[in-house]
There are 2 protein chains.
Amino acid sequence: MPHFRGMDDDRQDTQTRRPTLSQVARAAGVSEITASRALRRDGPVARDTRDRVERAALALNYVPNRLAGTLAGAASRQVGVILPSLSNIVFADVLKGLEDRLEGDGYHPILGISNYDPLREERLLRDLLSWRPAGLVIAPARKTDVTRGLLAAADLPVVEIMDVDAESADMAVGISHYGAGRAMAHYLAGRGYRRFAYLGHGIETDFRATQRLDGFRDGLREVGVTLGNVLCLPGPSTVSLGREGLARLLAEAETPPEAVFFSNDDMAVGGAFHCQAAGIAVPEELALAGFNGLSIGQALPRPLTTIASQREHIGFVAATHLLDRLAGGRPPRVTNVDFRLIPGATA
Amino acid sequence: MPHFRGMDDDRQDTQTRRPTLSQVARAAGVSEITASRALRRDGPVARDTRDRVERAALALNYVPNRLAGTLAGAASRQVGVILPSLSNIVFADVLKGLEDRLEGDGYHPILGISNYDPLREERLLRDLLSWRPAGLVIAPARKTDVTRGLLAAADLPVVEIMDVDAESADMAVGISHYGAGRAMAHYLAGRGYRRFAYLGHGIETDFRATQRLDGFRDGLREVGVTLGNVLCLPGPSTVSLGREGLARLLAEAETPPEAVFFSNDDMAVGGAFHCQAAGIAVPEELALAGFNGLSIGQALPRPLTTIASQREHIGFVAATHLLDRLAGGRPPRVTNVDFRLIPGATA
DNA sequence: ACAGGTTATGACAGCGCTGTCAATACGGTC
DNA sequence: GACCGTATTGACAGCGCTGTCATAACCTGT
């Protein structure tokens with residue numbers, strides 16, 4: 001409501017609205033722009049003047065309005081972040097790494113969760129873009145043409161995270177999920193196992209898990225082994241799903257597998273629980289391997305063989321590169337964060 | 001750079017900058033304000049006009065600038081969210097509930113993680129406030145006077161979440177952690193246990209766990225039992241910490257406990273792993289109880305006795321009340337989301 | 001044909017801040 | 001003492017949008 005107060009009287013401001021820079025300036029006896037420079041520590045301002053302005057700001061409990069600042073030309077300090085899910089600790093870890101690094105430089109994430117839904121992702125992208133963020137960090141569900149178009153037209157730094165297998169428009173930070181699956185295949189084959197099965201969750205959504213499966217299959221093929229039973233159950237990965245899934249997998253298999261590769265640690269822990277409940281000796285009767293390197297897997301009585309996916313680090317590096325670019329640097333376009341195979345005791 | 005273009009020539013806009021409402025308006029042959037109304041579907045706009053404007057917006061790939069809109073008087077659609085941590089799935093669940101509900105109404109969270117640090121929380125609060133959000137959702141670490149002052153001066157709807165034990169300035173949504181501890185005491189005592197111990201994590205940070213401990217102690221006292229060993233280990237709760245902690249607790253106890261209450265499920269699952277590894281029969285030799293109702297606990301070979309804390313629901317309700325208030329409603333000041341004791345098989 | 005209502009559109013100013021350019025004051029140099 | 005470079009401050013306009021008020025166009029009933 002623009003016209004709600006008289007032109008030359010904003011005494012009521014102190015009552016109704018938050019203090020503005022103009023009020024701080026008046027209280028300090030300087031012009032608006034000088035107050036602005038003093039508070040931002042930008043441009044030459046006399047020591048004494050700056051002190052006066054800062055005291056005035058403190059006294060008035062001034063909180064700058066960054067909407068106005070950004071609109072007027074200052075660089076935004078918001079970063080749009082789009083993740084496919086938060087049900088799994090994986091993306092929470094990434095987000096933690098992101099937030100931590102961004103916060104350190106005074107940036108803040110605006111968050112959107114796509115639920116692996118490309119249409120929702122599109123909407124989110126549009127919504128977040130309408131806040132004119134300085135940059136974008138996105139773990140794409142599956143990119144549509146609209147998404148691609150929006151990103152291209154947006155003309156801001158974009159970091160795609162989690163995997164480096166797909167091609168990316170701008171920067172990418174992640175691990176090679178295909179490579180991780182392949183590495184596990186080689187590791188398990190090297191341990192002497194020959195009959196393999198795979199137990200996964202909602203394949204239609206989590207395409208990174210699918211990439212690991214592909215890598216696993218190819219890795220086995222490279223050593224002359226064919227992947228046996230592949231069971232993918234609908235829905236998100238949970239410990240229960242892994243537990244029930246393994247029971248079903250073993251029941252259905254005509255020749256029992258020697259080793260099972262799970263889509264991730266949640267599933268694998270469930271598998272371990274099933275073995276324990278069913279009296280199956282691990283790894284003698286059945287070897288188990290997961291993915292992610294969750295702490296729960298390592299705290300099992302028998303630590304899980306898995307691959308550490310460096311989630312928090314991915315978030316941290318993604319934020320670092322984004323900030324670097326915003327500061328005028330030229331960070332690498334693709335950053336392949338190394339995964340690490342944790343031998344464990346289950347395979 | 002305000003002066004970068006001539007007054008009567010913004011053809012270059014199309015090249016350099018994102019399209020503005022003014023360009024959409026011109027393309028549709030209407031005034032700016034009509035285009036604004038058409039796109040917002042606010043105020044009377046002829047069907048035909050609206051179609052023209054929408055087509056123009058689409059053709060130009062127009063994305064509204066909400067910074068400008070909000071500055072000009074439209075209600076902000078950002079909500080500041082401050083959580084103490086993301087390492088634990090608990091707050092990720094809350095955030096999921098929040099984001100989901102907010103997204104449904106076109107709102108987006110700006111996130112801050114305080115790491116249980118009151119000073120960082122202060123800074124976050126100030127930073128988020130500078131974006132002039134429509135409201136705030138905060139799981140306070142420990143409120144300082146500055147925090148209180150900022151919240152009071154901010155004059156916007158604030159929902160404090162997680163617990164309803166502390167007094168809150170505006171709205172509160174959560175469970176009574178004291179009550180949860182007390183309920184567990186009564187439950188366990190009712191099952192016939194008499195010698196109790198408590199195993200917790202970083203007490204200096206997670207004051208809600210401390211409230212549960214208090215409630216547990218008082219609940220036992222009410223049935224004439226005294227809480228025995230209390231061991232609180234530094235650092236955040238993890239499965240490993242629970243596992244190692246229980247080993248230590250049992251080694252240190254002069255009279256072995258019959259039942260152990262853990263600060264949460266992560267710790268309790270670790271305890272279950274220790275028992276399994278050490279060959280301690282659960283619950284015959286030792287009963288275990290946790291808090292949170294994590295799915296991992298329920299997927300254990302022997303489902304964990306615990307208390308479901310309805311985390312996602314808390315986030316959802318918090319967002320709902322905030323939105324309600326923003327829409328002019330008067331939601332309850334305190335919403336006590338019921339917790340639910342899950343009997344399980346470990347106690 | 002005319003008052004009285006509704007519907008559709010626009011002019012205008014301003015939200016709170018910052019980039020650009022201009023102006024002033026000061027110290028020293030030749 | 002005229003001149004220059006630097007430090008400090010301010011005037012001004014404008015970022016892109018929306019609330020308020022005013023105006024124009026159109027309908028109804030009499």
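Hydrogens, waters and symmetry mates play no part in the numbers below; they use all other heavy atoms, side chains included. Reminder, nothing fancy here: chain letters follow the sequence lines and each chain counts from 1.
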Excluding sequence neighbours, so at least two apart, what forms side chain to side chain contact (heavy atoms under 4.5 Å, CB included) with R47(B)? R50(B), D51(B)
What pairs with R123(B) under side chain to side chain contact (heavy atoms under 4.5 Å, CB included), at least two apart in sequence or on another chain? E103(A), R120(B), D127(B)
Check the side chains of R132(A) and S76(A) for a donor-acceptor pair under 3.5 angstrom, ignoring hydrogens and angles. no
For side-chain contact (heavy atoms from CB on, under 4.5 Å), just list the numbers for R101(B) and Y107(B), CA-CA rounded to whole Å, side-chain angles, deciding distance to a tenth of an Å, and then say yes or no. CA-CA 9 Å; R101(B) 183 66 182 84; Y107(B) 285 73; over 6 Å; no
Rounded to whole angstroms, how far apart are [atom1] on [X] and [atom2] on [N]?
X       : N       : atom1 : atom2 : result
L71(A)  : dG14(C) : CG    : P     : 17 Å
L60(B)  : dG16(D) : CG    : C1'   : 15 Å
L67(B)  : dG16(C) : CG    : C1'   : 12 Å
L21(B)  : dC15(D) : CG    : C1'   : 14 Å
E32(B)  : dT20(D) : CD    : P     : 18 Å
R50(B)  : dT7(C)  : CZ    : C1'   : 14 Å
R77(A)  : dT18(C) : CZ    : P     : 12 Å
W131(A) : dC17(D) : CH2   : P     : 13 Å

[X] vs [N]: side-chain N/O to OP1/OP2 distance below 4.0 Å:
X      : N       : answer
S31(A) : dA11(D) : no
Y62(B) : dC17(D) : yes
T49(B) : dA8(C)  : no

Verify, without hydrogens or angle tests, whether R311(A) (side chain) and D93(A) (backbone) share a donor-acceptor contact under 3.5 angstrom. no
Using only atom types and a distance under 3.5 Å, with no angle test, would you say the side chain of E121(B) pairs donor to acceptor with the backbone of A141(B)? yes
Close N or O pairs between protein and nucleotides 5-7 of chain D (under 3.5 Å):
none

Ion pair check, R37(B) and D42(B), cut-off under 4.0 Å: no
Side-chain polar contacts of residues 61-69 of chain A - donor-acceptor pairs under 3.5 angstrom, sequence neighbours left out - could you list them?
{"residue": "N65(A)", "atom": "OD1", "partner": "L67(A)", "partner atom": "N", "Å": "2.9"}
{"residue": "N65(A)", "atom": "OD1", "partner": "A68(A)", "partner atom": "N", "Å": "3.2"}
{"residue": "R66(A)", "atom": "NE", "partner": "S130(B)", "partner atom": "OG", "Å": "3.0"}

Would you please name every residue forming a salt bridge (Lys or Arg N to Asp or Glu O under 4.0 Å) with R41(B), sequence neighbours left out? E54(B)
Let's see if you get this right: which residues in residues 33-43 of chain B place a heavy atom under 4.0 Å from DNA chain C? I33(B), T34(B), R37(B)
Selection from dA8(C), dG16(C), dT18(D) that lies nearest to any side-chain heavy atom of N65(A): dG16(C)
Closest to the 5' end of DNA chain C, once V45(B) and R132(B) are matched to their nearest nucleotides, is V45(B)
